[in-house]
2 protein chains.
Amino acid sequence: MTVSLLQRILHERDEMRPAERRVADYVGASPSEVIHMSMARLSELCSVSDPTIMRFCRRFGFEGYQDFKLNLAQSLVPSAPFAYEQITPQDSVANIVRKTCRNSLNAVQRLAEDLDPEQVGEGARLLQAASWTGIYATGISEVNALDAEHKFQRLGMRCQALLGKQRQWMHAERARPGEVALIFSQSGHTKQMVEVAIAARAGGARVVSVAAADSPLARVSDAVIAVLPYDRTELMTPLASRLNHHLVTNMLVTAIAIASGSEFPDQLPALDSWQTDKI
Amino acid sequence: MTVSLLQRILHERDEMRPAERRVADYVGASPSEVIHMSMARLSELCSVSDPTIMRFCRRFGFEGYQDFKLNLAQSLVPSAPFAYEQITPQDSVANIVRKTCRNSLNAVQRLAEDLDPEQVGEGARLLQAASWTGIYATGISEVNALDAEHKFQRLGMRCQALLGKQRQWMHAERARPGEVALIFSQSGHTKQMVEVAIAARAGGARVVSVAAADSPLARVSDAVIAVLPYDRTELMTPLASRLNHHLVTNMLVTAIAIASGSEFPDQLPALDSWQTDKI
DNA sequence: TGTCAGAATGTAGTTATGCTATATTTTGGC
DNA sequence: GCCAAAATATAGCATAACTACATTCTGACA
């Protein structure tokens, strides 16, 4: 969970020597003014030299005052972190609605913070170039595979969601160059998925996995879209956090739609708009 | 609803002359990079002069490039309320990731505001009491039906996702008292879903629909869980807003799990925790 | 079609700012 | 008190932001 710059400044204040402490106090007291100030002005107001300001910025990992100011500006924007709230047996339906939405917001925010766009871009490129894509998932993640199948097929991609151990094995063993195996696994520790990845690669296919970084599945993949798994080991993954794979699919679909020249890439014409009759 | 700087840039783009438009396009495409750039670098990349950048910043009310960059940096921070940002063909993958998350946050927030917990509660009661539930959806919403099937079955409920016109018709015609038809339709205008609802009710089953209020489907349902449809009539429903039915399913599952006495109602033990081997 | 005025845009130059190199002062251990 | 290291400042350079003025483009009108 991200700690804001202002909090870090407050937290490290007491470890600073007097001059830097004066900077910390001033920034902490008047951040909105500071973001619009030159370094010279700030150093004058704090009765310190310019290089002390630089050292202050460097203490927090910034290359210079410019980067520091930009981050400080961003840390002024009110954004809930939406803390996770467990739903308990005593909760009313109204609380269920509220907490479900809140926990979903938490899951989306975490994804926004953690996801590396380079990885999404790489995954999209491999998928777009594939002659055929097998989409693999087990258990409750199977719905992610089906969702991806629908959406990719809407883009005209040749692909299939492969459910069930035998069907998955049958396709992974016959994987060939030019194909892609797209694998969804929250933990990246599902044995079947790891074996599928190994088999698909052995046949010459590329493996794109949507899984936890540094997981067994990640280690046998060509491209990983790393999605941080929920880290409460004593509890099972809450329903809300399962949104993240769903969102990654949307991103892949959108990236491929753009690369394919779509005008409205985030609005796939719903199948029901041309296949279903309306009243 | 606050309009962000990025949206204003997109909105005013078409009124600009070519040079300023090049700036608008570049800033719109790569805001995260722009905030860290010098004016000289940006002007070089856009093939415009420095004063053109200044004029661009002044157009939006800023005194200079510094103020512009600070505001742009802040407009990149997801904040409540999360304004919808359309993904355009010029968007980088980083923008796709950012906007997908942002638009998903927007969709969840809208749901939190609009959803009536009474309706969710009523829907959950009917579903919990059902001897058997048929789950109906068409087109891209079929994945919602499959998701619901998985989760309800995990609760021990007798249910089945019914996909395809003939299978749906076959089951709706043979609906009987004590059963429930759960129907997902974003618009509530899908003809097949309305006909299914009418047939199921004629057989004595109860109809729970997750659809737009005041829709044809809502009018032939026993219980409606009203989900506001996306109101951009000229555009198709964006991918992000399709989260809402997924969340309603989570709420129903959680409410039924609580009513059934579950200790951790929002954390279905994932199927994969007892059906899949881990490494 | 040519002319002209206003708008759009660029070039050249100045000032301010961010940043670095080096000097000076302060602090703490012995 | 001495000395070395850490903290801090002074001085100066490079470049970034910005301004003043010049040039080019565009559209209206004769």
Side-chain angles (χ1 to χ4, degrees), chain A residues 5 8-76, chain B residues 5 8-76:
Chain A
L5 176 55
R8 288 165 63 202
I9 290 169
L10 189 63
H11 186 247
E12 294 187 31
R13 177 203 181 279
D14 291 340
E15 304 159 26
M16 297 178 196
R17 306 301 299 168
E20 281 193 35
R21 191 181 295 172
R22 289 200 293 281
V23 179
D25 289 344
Y26 196 90
V27 172
S30 311
S32 303
E33 285 79 67
V34 168
I35 60 175
H36 295 290
M37 278 180 199
S38 69
M39 188 192 298
R41 180 66 178 146
L42 180 58
S43 61
E44 180 187 317
L45 287 171
C46 299
S47 305
V48 302
S49 64
D50 291 5
T52 303
I53 305 288
M54 282 301 293
R55 283 187 284 270
F56 180 83
C57 298
R58 293 247 164 82
R59 166 191 285 271
F60 296 103
F62 301 104
E63 288 189 15
Y65 185 59
Q66 284 298 308
D67 287 342
F68 168 79
K69 280 201 300 183
L70 284 167
N71 192 286
L72 183 62
Q74 291 187 320
S75 74
L76 293 181
Chain B
L5 175 56
R8 287 164 64 202
I9 290 170
L10 189 62
H11 186 248
E12 294 189 32
R13 177 204 182 274
D14 291 340
E15 303 158 26
M16 296 177 194
R17 304 302 297 166
E20 282 194 32
R21 189 181 296 170
R22 291 199 294 279
V23 180
D25 289 344
Y26 197 91
V27 172
S30 309
S32 303
E33 284 81 64
V34 168
I35 60 175
H36 296 290
M37 279 183 198
S38 68
M39 189 192 298
R41 180 67 179 143
L42 180 59
S43 61
E44 181 187 317
L45 288 171
C46 300
S47 305
V48 303
S49 64
D50 291 4
T52 302
I53 303 287
M54 283 301 292
R55 283 185 280 266
F56 180 83
C57 298
R58 293 250 164 83
R59 167 190 284 269
F60 295 103
F62 300 105
E63 289 188 17
Y65 186 58
Q66 283 298 307
D67 287 343
F68 169 78
K69 280 202 297 183
L70 284 167
N71 191 285
L72 184 60
Q74 291 186 319
S75 75
L76 294 180

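The sequence lines fix the lettering, A, B, ..., with proteins before strands; numbering per chain opens at 1. What you see below is based on every heavy atom in this structure, not just the backbone, and it leaves out hydrogens, waters and symmetry mates. In this text, all values refer to a predicted model and were calculated from it rather than measured experimentally.
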Engineer: With a 3.5 Å cut-off and sequence neighbours excluded, list the donor-acceptor pairs that the side chains of residues 54-65 of chain A form with protein atoms.
Structural biologist:
from, atom 1, to, atom 2, distance (Å)
A:Arg55, NH2, A:Thr52, OG1, 3.3
A:Arg58, NE, A:Glu63, O, 3.3
A:Arg58, NH2, A:Glu63, O, 3.1
A:Arg59, NE, A:Glu20, OE1, 2.9
A:Arg59, NH2, A:Glu20, OE1, 3.4
A:Tyr65, OH, A:Met37, O, 3.0

Engineer: Backbone N or O of A:Glu33 within a donor-acceptor pair of the A:Ser30 side chain at under 3.5 Å?
Structural biologist: no

Engineer: Measure the CG-CG distance between A:Leu76 and B:Leu70 for me, rounded to the nearest 0.5 Å.
Structural biologist: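 The CG atom of A:Leu76 sits 9.5 Å away from the CG atom of B:Leu70.
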
Engineer: Quick one: list whatever passes side chain to side chain donor-acceptor pair (under 3.5 Å) with A:Asp50, sequence neighbours left out.
Structural biologist: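 A:Asp50 satisfies side chain to side chain donor-acceptor pair (under 3.5 Å) with A:Ser43 only.
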
Engineer: Could you work out, with side chain to side chain donor-acceptor pair (under 3.5 Å) as the rule, every residue matching B:Arg17, not counting sequence neighbours?
Structural biologist: none

Engineer: Would you check if B:Ile53 and B:Phe68 make a side-chain contact, meaning some heavy-atom pair closer than 4.5 Å?
Structural biologist: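 In short, these two side chains do not touch, never coming nearer than 4.5 Å.
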
Engineer: Looking at every non-hydrogen atom in both residues, tell me the closest pair between A:Cys46 and A:Arg22 and how far apart they are.
Structural biologist: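 Here A:Cys46 and A:Arg22 meet closest at O-NE, 2.9 Å.
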
Engineer: Scan nucleotides 5-17 of chain D nucleotide by nucleotide, 5' to 3', and note B when protein non-hydrogen atoms come under 4.0 Å of the base, S if they reach only the sugar-phosphate, - if neither.
Structural biologist: --SBBB-----SS

Engineer: Just to be sure I understand the geometry, which residues of residues 24-32 of chain A put a non-hydrogen atom under 4.0 Å away from DNA chain D?
Structural biologist: none

Engineer: Is B:Arg21 close to B:Pro18 at the side-chain level, that is, under 4.5 Å between some pair of heavy atoms?
Structural biologist: no

Engineer: Tell me, please, the opening and closing nucleotides of DNA chain C, 5' to 3', among those with an atom under 4.0 angstrom from a non-hydrogen atom of chain B.
Structural biologist: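 On DNA chain C, the outermost contacted nucleotides are C:dA8 to C:dT11.
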
Engineer: Would you say the side chain of B:Arg8 lies within less than 4.5 Å of the side chain of B:Leu5, judging by non-hydrogen atoms?
Structural biologist: yes

Engineer: Counting any heavy atom closer than 4.0 Å, what does A:Arg58 reach on the DNA or RNA strands: base, sugar-phosphate only, or nothing?
Structural biologist: sugar-phosphate

Engineer: Evaluate side chain to side chain contact (heavy atoms under 4.5 Å, CB included) for B:Gln66 paired with A:Lys69, printing each intermediate quantity in order.
Structural biologist: CA-CA 10 Å; B:Gln66 283 298 307; A:Lys69 280 201 300 183; 4.0 Å; yes

